[in-house]
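As a basis for the values below, the full set of heavy atoms in this structure was taken, side chains included, without hydrogen atoms, waters or symmetry mates.
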Amino acid sequence: MSAGKVLLGIAAGVAVGIQIGILIAPEEGKKTRKKLSKKGEDYLDDLSSRFNHIIDDINSQVSRVNKDIKELADKGKSLSEDLAKEAKKKGSELNNDAKSALGSIS
């Protein structure tokens, strides 16, 4: 289970518990509704802030992974270019050796 789901579950549980406590408190309905509304706004702001923090963390990790992938791709490209040059050089050397060997046989 992800941390975001756990935090959401905890926040929802706390919000429901507080609302039940306010509802059974001996106050008039208008004050109770006002308290519920205020608490709901507070929890929504807190939940929104936590959600934004989680999204920022995810975006940061994705950026880091993208950077690492680009670095690995660049290294792989460089290595493949080096190997291609080396193979071409060795192929040329073998071709020259074969020509020399054939020339000495003739």
Side-chain angles (χ1 to χ4, degrees):
M1 189 186 283
S2 71
K5 288 182 181 179
V6 171
L7 289 174
L8 183 62
I10 290 171
V14 169
V16 168
I18 289 174
Q19 289 177 357
I20 289 172
I22 291 172
L23 284 173
I24 61 174
E27 286 187 2
E28 60 184 69
K30 189 174 187 178
K31 286 183 182 179
T32 301
R33 286 189 298 276
K34 191 179 265 187
K35 279 185 179 181
L36 282 174
S37 176
K38 175 70 174 129
K39 288 287 183 186
E41 289 172 5
D42 291 346
Y43 283 118
L44 186 59
D45 290 343
D46 184 50
L47 189 58
S48 177
S49 173
R50 290 177 192 225
F51 181 74
N52 288 336
H53 181 70
I54 290 170
I55 295 298
D56 289 344
D57 286 346
I58 290 170
N59 285 336
S60 174
Q61 290 175 3
V62 167
S63 293
R64 230 178 303 136
V65 168
N66 284 338
K67 180 183 171 194
D68 291 346
I69 288 171
K70 184 181 181 324
E71 288 175 1
L72 285 172
D74 290 344
K75 283 182 184 179
K77 182 179 177 184
S78 176
L79 285 173
S80 67
E81 289 170 353
D82 291 346
L83 286 173
K85 287 177 187 176
E86 187 66 28
K88 188 174 181 179
K89 180 180 171 185
K90 289 292 182 184
S92 179
E93 288 174 4
L94 287 172
N95 191 18
N96 289 337
D97 289 347
K99 284 181 183 178
S100 294
L102 287 174
S104 65
I105 294 175
S106 304

**Student:** Between N95 and G91, is there a donor-acceptor pair closer than 3.5 Å when you use the side chain of the first and the backbone of the second?
**Tutor:** no

**Student:** Provide the full list of salt bridge (charged side-chain N to carboxylate O under 4.0 Å, His left out) pairs with a residue in residues 56-66, sequence neighbours left out, each pair given once.
**Tutor:** none

**Student:** Heavy atoms, side chains only, cut-off 4.5 Å: are E93 and K90 in contact?
**Tutor:** yes

**Student:** If two hydrophobic side chains count as joined below 4.5 Å and joins carry through other members, does I10 share a cluster with F51?
**Tutor:** no

**Student:** For I69, which fellow cluster members are found when Ile, Leu, Val, Met, Phe, Trp and Tyr are connected by side-chain heavy-atom distances below 4.5 angstrom, either directly or through intermediates?
**Tutor:** V65

**Student:** Distance check, rounded to the nearest 0.5 Å: H53 atom NE2 versus I58 atom CD1?
**Tutor:** 10.5 Å

**Student:** According to the side-chain hydrogen bond (donor to acceptor under 3.5 Å, both in side chains) rule, which pairs have a member within residues 66-76, sequence neighbours left out?
**Tutor:** K70-D74

**Student:** According to side chain to side chain donor-acceptor pair (under 3.5 Å), who are the partners of K38, at least two apart in sequence or on a separate chain?
**Tutor:** D42

**Student:** Could you tell me the separation between the OG atom of S49 and the CG atom of D45, rounded to the nearest 0.5 Å?
**Tutor:** 8.5 Å

**Student:** Remaining members of L72's ILVMFWY cluster at a side-chain heavy-atom cut-off under 4.5 Å?
**Tutor:** none

**Student:** Short question: side chain of S92, backbone of K89 - any donor-acceptor pair under 3.5 Å?
**Tutor:** no

**Student:** Could you identify which residues cluster with L83, counting Ile, Leu, Val, Met, Phe, Trp and Tyr as linked when any side-chain heavy atoms lie under 4.5 Å apart, either directly or through a chain of such contacts?
**Tutor:** none

